[in-house]
Amino acid sequence: MTTDRTRRTAPALWTPFSRRSLSRIALVGAAALTLAGCGGGAQPGQAAGASAWTLTGGAEETFRTSFQEWNDAHAEEPITAEYFANDAFKEKIRTSVGSGNAPTLIYNWGGDNLESYVENGDVVELTGKIPGMEERALDSVLETGTVDGKLYAVPNNNTQPVILYYNTKLFEQAGVKVPTTWEEMLDAVEAFKAEGVTPISVAGSSQWPYLMWIQYLTDRIGGPEVFQAIVDGEENAWSDPAITEALEKIQELVEAGGFGDAYGSVVADAGADVALVHTDQAAMMLHGSWVYSSFLTDAPEWTAEGNLGYTTFPEIEGGQGDPQNIVGNPANFWAVSADASEEEQQTAFEYLEQMNLDDTAVDTLFDAGLIPAVDGVEDKIDETEHPEYLDFAYSMVQDAPHFQLSWDQALPADQGQALLTNLSQVFAGEMTPEQFQTAMNGTL
C-alpha cells in the first residue's frame, strides 16, 4: 500500500503514491515538472553538484522548498531536481538505474525495490555517513531503509500508516459503536445495512486498496512472521493458516454486504472512495493516512464540523499479532547512487544531514495534515491546525512494535501484480482462499 501508495505496481499508486501517492496538497501534474536541469549530474554551464528525481503531488512542495534552500546556500554544489508523475517516474528510474545513469538521490519505497538496488550494487551504504538523519528518523520507519543490518536509505517525507476512518455523523445517527473487534465490525455492518448506508467504502476497481484488509487481518491473526516467510521465499509460505483465515474473513465481510454492491467499480485515483464517506454514503473506510489531506481539500466544511473519526484496525479474538502493529508505507526514501561521483555523493550526504526532514520540512508536512517520519516532534504537533489527528497517527507509528510495508512494495514486481490480481478475485468471490494460496505459492 506506493507516497506517496503514495503507491504502486497497480495503476493506482497505492500506487505508492496515489494510494500511495499522498493527496493533492501541492502541484500535481501528469508529466514531469522540472525545477532545474536534468538528472545525472551537472549540466553544461552549471556548477558541479548532485541531482534528484521525485514525484509530483504528495510531498512535492516540501522537496521544492528544501532543494531551493540548499541551492541558495550552496551555489557551488547545487542539487538539480526533476518531478515526475508516478508511472513515468517508475519507468524512468528503472531504466536509469539499470544503465548506470541514475540521479544522485534515488527516490524509492524500500522493500524489494531497495533490496534489488543493494544486491546489484546500485546504491551506497549510508550507515554512519549521516548521523543526524539517522538520529532524527523514527526507528520503525528507518528499519525499512535497512538491508541485512546496514542502512542504505533514509526517509524523506511523511510516514503513512493505514487507519480505519469513520463517519461520526452516521455512527451517531445509527447508534453504532465504533468497532474494536472483528465481531463488532460485523455487527456494525449489519446495523448500517439496515439504515441503507454502505458500511465500508473501498476502491475495488483500483485493486491495491484490498491489500490493506488482507495485511491487517493476517498480521492480527498470525503476526508479522507470516508475511516475512513469504518475503524470504519459504516454500508454500502462502498456505499459512493465518492467511487462510484472513481470506475467509474477507469473504465473510463481502458476503455480509460490508462493501455494498458497487465497490468493484469505485476508483481510488479519482477520490471516489473518499467521497463516499464525506457525502455520508459510507460509514467507514480503511485507508492510508495520506487521505486525511484529501478530506481537508475535498470536504473542508464537513471535516471541520468534526464528522471524520479515526481509529486502529480491530483486534481478532485469539490472534497472535500485536494489536499495535500497523501496516502501510513507513515513508518514501532517499538512497544515494553508487554511480555518482565522489563529489556528488558527498553533496548528497551533506544535504541529507543538514536539510532532509529538517524543521522547515516538518512544518510544511504538518501544515498539509501529513505525518513527518521523524522523532521528537510532539511539541510541534500541539501547534498545528490538526493536533488531535496528527497526534493519533504519529503515536500509532511511534508505538508500533512492527510497521509492515505494503505487500505489493515489499515483494518483487511480478509477485506484487499476481497478488493484486488474485486478491481482487477473492473479493469478487471468483476464487476460494485455497485457490488463492495455491496460485500465490506458485510465484515464490
Side-chain angles (χ1 to χ4, degrees), residues 1-2 5 7-16 19-20 90 109-116 119 144 162 182 202-255 259 263-264 268 286 313 316 319-321 325-329 402-444:
M1 309 162 205
T2 178
R5 282 197 85 114
R7 274 164 34 74
R8 321 128 101 56
T9 50
L13 185 106
W14 176 295
T15 318
R19 127 188 101 322
R20 266 179 185 333
K90 287 183 173 181
W109 288 265
D112 180 76
N113 177 254
L114 178 62
E115 290 177 11
S116 65
E119 182 178 337
T144 303
V162 170
W182 188 251
V202 66
S205 178
S206 301
Q207 294 187 331
W208 59 258
Y210 289 153
L211 286 174
M212 297 178 260
W213 288 93
I214 189 173
Q215 282 194 244
Y216 260 131
L217 283 166
T218 299
D219 189 273
R220 291 287 189 268
I221 295 166
E225 298 79 11
V226 176
F227 183 64
Q228 187 58 50
I230 294 170
V231 173
D232 294 340
E234 294 183 15
E235 186 176 2
N236 296 321
W238 283 102
S239 292
D240 191 288
I243 295 179
T244 306
E245 184 177 346
L247 294 166
E248 291 172 345
K249 288 188 180 302
I250 286 172
Q251 294 195 323
E252 175 185 30
L253 195 59
V254 171
E255 292 168 6
F259 302 106
Y263 62 93
L286 187 65
F313 192 83
I316 305 296
Q320 299 179 37
N325 285 348
I326 56 178
V327 307
N329 299 303
H402 187 264
F403 194 156
Q404 189 175 93
L405 177 63
S406 298
W407 286 4
D408 60 340
Q409 295 300 317
L411 295 173
D414 58 339
Q415 293 183 37
Q417 187 55 57
L419 169 60
L420 293 173
T421 300
N422 292 324
L423 186 58
S424 67
Q425 293 184 56
V426 169
F427 270 80
E430 299 170 352
M431 180 177 279
T432 66
E434 292 74 19
Q435 290 171 329
F436 171 92
Q437 290 172 295
T438 298
M440 291 309 302
N441 281 330
T443 68
L444 295 174

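Start at 1 with the first residue, then count along the sequence.
- Of the options Trp407, Phe427, Phe259, a ring-ring contact (aromatic ring centres under 6.0 Å, His included) to Trp213 is made by Phe259 and by none of the others.
- Note that CD of Gln404 and OG1 of Thr144 are 10.5 Å apart. Values are rounded to the nearest 0.5 Å.
- In terms of heavy-atom proximity, Ser206 sits nearest to Ala268 at OG-N, 2.9 Å.
- For Gln215 against Leu405, the heavy-atom pair with the smallest separation is NE2-O, 3.3 Å.
- By the 6.0 Å contact criterion, CD on Glu430 is enclosed, its count of non-hydrogen atoms from other residues, nucleotides or ligands being greater than 12.
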Under the side-chain contact (heavy atoms from CB on, under 4.5 Å) rule, what do Tyr216 and Ile326 come out as? Steps first, then yes or no, please.
-> CA-CA 7 Å; Tyr216 260 131; Ile326 56 178; 3.7 Å; yes

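- In this structure, CG on Leu211 lies 5.0 Å from CG on Asp408, to the nearest 0.5 angstrom.
- Across all non-hydrogen atoms, the minimal contact from Gln207 to Ser424 is NE2-OG, 3.4 Å.
- Classification of the Tyr210-Tyr263 ring pair by plane angle, with boundaries at 30° and 60°, yields perpendicular.
- The two residues Leu444 and Gly233 have their closest heavy-atom pair at CD2-CA, 4.5 Å.
- Judged as a side chain to side chain donor-acceptor pair (under 3.5 Å), and not counting sequence neighbours, Thr443 has no contacts.
- Between the side chain of Thr421 and the backbone N or O of Ala418 there is no donor-acceptor pair closer than 3.5 Å.
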Under the side-chain contact (heavy atoms from CB on, under 4.5 Å) criterion, do Thr218 and Phe227 qualify, and how do the steps go?
-> CA-CA 8 Å; Thr218 299; Phe227 183 64; 5.6 Å; no

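- Put simply, CG on Asp414 and CG on Leu419 are 11.5 Å apart, with the number rounded to the nearest 0.5 Å.
- The backbone N or O of Met431 sits less than 3.5 Å from a side-chain atom of Gln251, completing a donor-acceptor pair.
- With sequence neighbours excluded, the residues forming a side chain to side chain donor-acceptor pair (under 3.5 Å) with Gln437 are Thr244, listed by chain and number.
- For Lys90 against Trp109, the heavy-atom pair with the smallest separation is CE-CH2, 4.1 Å.
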Mind running side-chain contact (heavy atoms from CB on, under 4.5 Å) on Trp182 and Leu217 for me, showing each step along the way?
-> CA-CA 10 Å; Trp182 188 251; Leu217 283 166; 3.8 Å; yes

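- Under the side-chain contact (heavy atoms from CB on, under 4.5 Å) criterion, Asp112 pairs with Pro412, not counting sequence neighbours.
- Screening Val226, Ile230, Ile221 for a side-chain contact (heavy atoms from CB on, under 4.5 Å) with Asp240, the sole residue that qualifies is Val226.
- Between Gly328 and Val162 the shortest heavy-atom distance is CA-CG2, 3.8 Å.
- Using cut-offs of 30° and 60° for the angle between ring planes, the Trp238 and Phe436 rings count as perpendicular.
- Counted by atom type alone, Gln228 and Asp232 present one or more donor-acceptor pairs between their side chains at under 3.5 Å.
- Put simply, CD on Glu252 and CG on Leu247 are 12.5 Å apart, with the number rounded to the nearest 0.5 Å.
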Evaluate the side-chain contact (heavy atoms from CB on, under 4.5 Å) criterion for residues Asn325 and Phe313: first the C-alpha distance (whole Å), next the side-chain angles of each, then the deciding distance (0.1 Å), finally the verdict.
-> CA-CA 9 Å; Asn325 285 348; Phe313 192 83; over 6 Å; no

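- Checking side-chain atoms of Glu248 against main-chain N and O of Pro433 turns up no donor-acceptor pair under 3.5 Å.
- Between Ile243 atom CD1 and Glu245 atom CD the span is 11.5 Å, to the nearest 0.5 Å.
- Atoms CG and CD, on Asn441 and Glu235 in that order, are 8.5 Å from each other to the nearest 0.5 Å.
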